There are 2 protein chains.
Amino acid sequence: MNVKEFSKLTGLSAHTLRYYEKIGLLKNINRNQSGHRVYSPKDTDWINFVIRLKDTGMPLQEILSYASMRSNGSETLVCRQQLLENHRLNLKSHIQKQQEHLEALEHKIQLYKSGKVS
Amino acid sequence: MNVKEFSKLTGLSAHTLRYYEKIGLLKNINRNQSGHRVYSPKDTDWINFVIRLKDTGMPLQEILSYASMRSNGSETLVCRQQLLENHRLNLKSHIQKQQEHLEALEHKIQLYKSGKVS
DNA sequence: TCTTGACTTAGAGTTAACTCTAAGATGTAT
DNA sequence: ATACATCTTAGAGTTAACTCTAAGTCAAGA
């Protein structure tokens with residue numbers, strides 16, 4: 001898969017994909033005989049997980065730290081699990097808070113609907 | 001209330017509060033005889049709503065647009081309500097998506113717990 | 001009165017995460 | 001063979017939202 005196809009698949013621009021590679025978020029991307037990148041299904045799995053972490057608000061630096069632990073093999077398993085469990089707690093409380101915000105927003109909209117706002 | 005107290009109340013730094021005023025998000029803040037800002041309960045209500053919008057991911061530009069409609073009085077009521085209802089839909093789908101991310105994350109953590117990840 | 005700390009302004013600097021540019025090599029359709 | 005799109009790189013530019021700096025004013029306690 002070339003960069004254009006991979007870009008379409010992931011929803012990230014070719015620029016962003018090269019940027020992710022530059023900062024170390026994507027590693028060991030294969031090249032064809034003319035030096036063009038060739039992405040594999042493994043790259044797809046990894047980038048999809050990266051995108052999930054990113055979409056849940058994890059900064060690239062922290063994803064990078066997960067990535068580098070991953071490439072250090074099984075001695076980092078506990079640490080990676082810790083990181084993910086910590087992220088899970090953050091995400092749960094984020095959802096909780098957004099739910100409260102939603103309710104407050106719906107209350108405000110009700111005020112508009114009943115003409116109690118000017 | 002001076003800027004320090006208002007900062008503590010809102011959780012925003014004094015720098016940020018002045019910045020919000022500079023870009024037009026806070027308007028007509030009173031001053032005492034020596035030119036220092038004096039924040040009122042009305043300012044508190046407004047900033048709290050601003051913070052809610054911000055925390056739900058609304059860009060300052062859009063909050064600003066709500067703010068400027070608000071200061072244009074009742075002829076913008078419908079438009080403001082529209083903006084909030086649209087934001088409500090975005091927020092609902094955000095929460096939905098985060099919920100899905102949470103489930104995928106919990107699944108991944110299960111893989112770690114059962115030793116299926118290396 | 002002197003010091004200490006809070007306040008003011010305009011404007012510069014920072015950070016994260018892209019996003020684009022330039023200049024050149026390669027690939028694909030007519 | 002000739003366009004024309006796509007690939008490559010290093011490095012510069014952009015955007016949002018702060019965050020800080022400098023230089024000066026003001027207020028309260030020893």
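Because only heavy atoms are used, hydrogens play no part in the values below, and waters and symmetry mates are left out as well, while side chains stay in. Quick caveat, the model's predicted, so the values are computed rather than measured. Sequence lines set the chain letters: A, B, ... in the order given, protein chains first and strands last, and positions in each chain run from 1.
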- Would you please confirm or rule out a distance under 4.0 Å between OP1 or OP2 of D/dT6 and any side-chain N or O of A/Asn2? no

- B/His101/A/His87 aromatic ring centres below 6.0 Å: no

- Query: Is the shortest heavy-atom distance from the side chain of B/Trp46 to the side chain of B/Asp43 under 4.5 Å?
  - Reply: no

- Message: For a quick check of understanding: with a heavy-atom distance under 4.0 Å over all strands, which category does B/Arg18 fall into, base, sugar-phosphate or nothing?
- Response: base

- Task: Nearest whole angstrom, please: distance from the C1' of C/dT8 to the CD1 of B/Ile29.
- Result: 15 Å

- Applying the 4.5 Å side-chain criterion to the ILVMFWY set and letting contacts propagate, would B/Val78 and A/Leu105 be lumped into a single cluster? no

When you compare the protein's N or O atoms with those of nucleotides 15-18 of chain C, which come within less than 3.5 Å of each other, and at what distance?
| unit_1 | atom_1 | unit_2 | atom_2 | d |
| --- | --- | --- | --- | --- |
| C/dA17 | OP1 | A/Leu60 | N | 3.4 |
| C/dA17 | OP2 | A/Leu60 | N | 3.3 |
| C/dC18 | OP2 | A/Tyr20 | OH | 2.5 |

Under 3.5 Å, side-chain donor or acceptor atoms of residues 18-28 of chain B against the rest of the protein: list the pairs with distances, not counting sequence neighbours.
| unit_1 | atom_1 | unit_2 | atom_2 | d |
| --- | --- | --- | --- | --- |
| B/Glu21 | OE1 | B/Arg37 | NE | 2.6 |

- Go through the side-chain N and O atoms of A/Gln96 and A/Glu100 and say whether any donor and acceptor fall under 3.5 Å apart. yes

- Message: Taking salt bridge (charged side-chain N to carboxylate O under 4.0 Å, His left out) as the definition, give me every residue that meets it alongside A/Glu62, ordered by chain and number, with sequence neighbours left out.
- Response: none

- Query: Atom NZ of A/Lys4 to atom P of D/dA5: distance rounded to whole Å?
  - Reply: 10 Å

- A/Glu21 atom CD is separated from C/dT19 atom C1', nearest whole Å, by 17 Å

- Here the distance between atom P of D/dT6 and atom CE of A/Met1, to the nearest Å, is 17 Å

- Item | Under 3.5 Å: donor-acceptor pair, side chain of B/Thr76, backbone of B/Cys79 | no

- Message: Can you build the contact string for nucleotides 22-29 of chain D? Use B for base contact, S for sugar-phosphate-only contact, and - for no protein heavy atom under 4.0 Å.
- Response: ----SS--

- Query: Can you find a heavy atom in the side chain of A/His36 that is under 4.5 Å from one in the side chain of A/Val3?
  - Reply: no

- Message: Can you measure B/Glu5 atom CD to C/dC7 atom C1' for me and round it to whole angstrom units?
- Response: 13 Å

- What's the CZ-P distance between A/Arg31 and C/dG27, to the nearest Å? 13 Å

- Item | Bending between helix ends of the helix from C/dT1-D/dA30 to C/dT30-D/dA1 [5 pairs per end, 10° resolution] | 0°

- Message: Taking only side-chain N and O atoms of B/Arg37, does any of them lie within less than 4.0 angstrom of OP1 or OP2 on C/dC7?
- Response: no

- Query: Just by modelled atom types, is the A/Asp55 backbone N or O under 3.5 Å from a matching donor or acceptor in the B/Gln98 side chain?
  - Reply: yes

- Nearest whole angstrom, please: distance from the C1' of C/dA6 to the OH of B/Tyr39. 13 Å

- Query: Would you call A/Lys108 and B/Phe49 a side-chain contact if the rule is heavy atoms closer than 4.5 Å?
  - Reply: yes

- Item | Interatomic distance where CZ belongs to A/Phe6 and C1' belongs to D/dT6 [whole Å] | 18 Å

- Item | Partner set under side-chain hydrogen bond (donor to acceptor under 3.5 Å, both in side chains) for A/Asp45, not counting sequence neighbours | none

